[in-house]
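All chains are named by letter (A, B, ...) in the order of the sequence lines, taking the proteins before the strands, and each is independently numbered beginning at 1.
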Amino acid sequence: MANIATQRIKREFKEVVKSEEVARCAIRIDLVNDSWSELRGEIAGPPDTPYEGGVFALEILVPETYPFNPPKVRFLTKIWHPNISSVTGAICLDILKDQWAAAMTLRTVLLSLQALLAAAEPDDPQDAVVARQYKEYHNIFKTTAQHWTAIYAGGPNRIGEYETRVTRLVDMGVDELTARAVLSANNWDLERATETIFS
Amino acid sequence: MASSSSTASTEEASTSQPEKKEETKQKKEDDGEESDKESDEKMFECNICLDTAKDAVVSYCGHLFCWPCLYQWLETRPNRQSCPVCKAAISRDKCIPLYGRGGSGKDPRSKIPPRPPPTRTEQTDNGRFSWGSNEGNGGFHMSFGIGAFPFGFFASAFNFGAPGTAPAGANFMTPQQIEEQEFLSKVFIWVALIFIVWLMLA
Ligand SMILES: [Zn+2]
Ligand SMILES: [Zn+2]
């Protein structure tokens, strides 16, 4: 990696480790390899959101041209959010694209992602299905996001009724992740989910 | 912040346990000095490389950078130049070089760090190439010397004319100046070629 990129990542790493957010377990960064070009991030789901109680892992790839270009970040933990792909974990956030500024750091990126979890922007979606549910069936969106947080991120609000329906599909030979994703996309309507899968 | 709350707790502890007071106080002073020094250094860190700013410039919005770092940032987004910290409008001419004691006093902006200026060497090579093949003809060498003079003069005239460029920076050129120089040198080579042809015919 370019010298300035490595040097900066090392400094930022120290900054994050010493930060008060780490002290209260809101964010965290770990090294993946010795080259400093790939890091693993972690953010806690913000309080009073469906993500509360969950811990979300992030893949952080540092480009050669860092900090002149933004790091490439995606969610490794599955999450139900209008601005994050429920399939790939890709993130739609302006500061990770054209609104990036060289003075931003890994710490500010992680805090911005946490802020994104607390304030979705459904009009600029990454996942159109989630965004539509967010706007049209907001209560279902909230329970679905809570349920995903419980299943994938260790959150507390697992919804038994939803899992029963997942099991029904699994019994029909559908794999669990697909079953959960299709049910979520169909507002947990078992009939419509079955139709989507088998048609 | 963590540091202020720990200071408070040390104070509490020292009032209840007078025999430990000296020790804790000493520790507190050490901590204080260290963090003071640290924050002093951080004051002068470049907002891009996070190191102590070299060839420092400050934007109108008050943000400190190394000139090489800021230059690279401006080059990365030539169409939307904004401050890397506060996103205020920013440009080469909208920042002020900082001169500390013991610095070189040269305008840091007259340097273009990521781009070495190869134009100058290329040019002398071109000149030598076309003249070297005509050894023994003194007239050519002389005309080259004469021809080169106004070109050198132009280059430095442009340099002095550029806003905000200190005379000390005359050795360095902006891309625009390099372009002008390239153009002038092309004109010069053509004039020289015509001159050769004319000499041969004559
Ligand atoms: Zn710098
Ligand atoms: Zn600024």
Could you tell me whether a side-chain N or O of [X] sits under 3.5 Å from a main-chain N or O of [Y], the two making a donor and an acceptor?
X         : Y        : answer
Thr149(A) : Pro50(A) : yes
Asn33(A)  : Ser35(A) : yes
Asn47(B)  : Leu64(B) : yes

_Under 6.0 Å between ring centres: does that hold for Trp36(A) and Phe13(A)?_
yes
*Can you name the residues that form a side-chain hydrogen bond (donor to acceptor under 3.5 Å, both in side chains) with Thr88(A), not counting sequence neighbours?*
Ser85(A)
*Basic-acidic side-chain contact under 4.0 Å: Asp123(A), Lys135(A)*: yes
*Which of residues 100-118 of chain A get closer than 4.5 angstrom to chain B, counting heavy atoms alone?*
Trp100(A), Ala101(A), Ala102(A), Ala103(A), Met104(A)
*Side chain, backbone, both or neither: which part of Glu15(A) has an atom under 4.5 Å from a heavy atom of chain B?*
neither
